[in-house]
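Below you'll find the structure, written out as structure tokens, and then a few comments.
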Amino acid sequence: VFAAVFFPALFAMNYVPADALLILCAAALAILAALILLLGQRGGAGASEQPCLSNNGERVAYLRELGWEIDPEPLTTLQFLLPPKLSGDYITYNDLQKAQGFDLETCCGKQVTRFTYTVTNYPQRPDGVQLNLYICEDLPVAGDVVCTGTDGFQDTLVFPQQTDAS
């Protein structure tokens, strides 16, 4: 069908050489493969899965959807330029991010903003827990929950399962 539509002169005759038909099929497959690749890059799963978080209200709503209750105003906001290539501690931190579906490598060489919020509902920790959300081009690209001190921790944005204290 493809060949008949795009090369009607060949089908004006009753005879189509086998070599020409084979070449046309190969060309059609190559064009189809190129289209699939192009469409995959434009509408790929990476960017379309993440919500646009262009203002504080959208960021707070996003974090609440994940189960977090936070003070709605950030404690701090920090803008920085991510290096062109991740190395050292960035690689270790990015492993934590990949575990939750993020990847800082998509923002190498770009400006990133860190918004730090106070968490008010961490299980069995009423105080001292903060949440960092990293935004690049209005998309969430990283995040963690931290508690400093002797029994401190750093974890993903996945809300922890509550365990019964017996």
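Every value quoted in this text rests on a predicted model; they were computed, and no experiment measured them.
For the pair C107 and V112, the tightest heavy-atom approach, listed with the atom from each and the gap, is CB-CG2, 4.3 Å. Across P72 and N56, no two heavy atoms sit closer than the pair O-ND2, 2.7 Å. Considering all non-hydrogen atoms of both residues, P160 and P123 come closest at CG-CD, 3.7 Å. When all heavy atoms of I70 and T120 are compared, the pair lying nearest together is N-OG1, 3.9 Å. When all heavy atoms of C108 and P84 are compared, the pair lying nearest together is CB-O, 3.1 Å.
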With side chain to side chain contact (heavy atoms under 4.5 Å, CB included) as the test, would you mind laying out the steps for L63 and L133 before giving the verdict? CA-CA 9 Å; L63 294 171; L133 180 63; 4.2 Å; yes
List the steps and the verdict of side chain to side chain contact (heavy atoms under 4.5 Å, CB included) for R59 and I135. CA-CA 9 Å; R59 290 187 292 274; I135 304 292; 4.0 Å; yes
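T116 places none of its side-chain heavy atoms less than 4.5 Å from the side chain of L131. Side-chain contact between Y90 and E105 is absent, with no heavy-atom pair separated by less than 4.5 Å.
The salt bridge (charged side-chain N to carboxylate O under 4.0 Å, His left out) pairs that include a residue from residues 65-79 are R64-E69, where partners are two or more places apart or lie in different chains. Screening residues 94-118 for ring pair (Phe, Tyr, Trp, His ring centres under 6.0 Å) gives no qualifying pairs among residues at least two apart or on separate chains. The list of salt bridge (charged side-chain N to carboxylate O under 4.0 Å, His left out) pairs with a residue in residues 128-143, not counting sequence neighbours, reads K110-E137.
Every residue two or more places apart in sequence or in another chain was checked for a side chain to side chain donor-acceptor pair (under 3.5 Å) with T148, and none qualifies. By the side chain to side chain donor-acceptor pair (under 3.5 Å) test, Q79 pairs with Q111, sequence neighbours left out. Residues passing the side chain to side chain donor-acceptor pair (under 3.5 Å) test with E58, sequence neighbours excluded: S54. Partners of F153 under the ring pair (Phe, Tyr, Trp, His ring centres under 6.0 Å) rule, at least two apart in sequence or in another chain, are Y122. Partners of D151 according to the side chain to side chain donor-acceptor pair (under 3.5 Å) rule, which considers only residues two or more places apart in sequence or in another chain, are R125.
V141 and L53 are members of different hydrophobic clusters when ILVMFWY side chains are connected at heavy-atom separations under 4.5 Å. In the hydrophobic clustering of this structure, L78 groups with L82; members are Ile, Leu, Val, Met, Phe, Trp, Tyr whose side-chain heavy atoms approach within less than 4.5 Å, directly or through other members. Following chains of ILVMFWY side-chain contacts shorter than 4.5 Å, one cannot reach V145 starting from Y134, and the two form parts of different hydrophobic clusters.
Within 6.0 Å of the CG atom in D89, the count of heavy atoms belonging to other residues, nucleotides or ligands does not exceed 12.
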Just distance, no hydrogens or angles: give the donor-acceptor pairs under 3.5 Å from side chains in residues 91-101, sequence neighbours left out.
from, atom 1, to, atom 2, distance (Å)
Y93, OH, Q97, NE2, 3.3
Y93, OH, D144, OD2, 2.3
N94, OD1, L104, N, 2.7
N94, ND2, D103, OD1, 2.9
Q97, OE1, Q100, NE2, 2.7
Q97, OE1, G143, N, 2.8
Q97, NE2, G143, O, 3.1
Q100, OE1, L157, N, 2.7
Q100, NE2, G143, O, 2.7

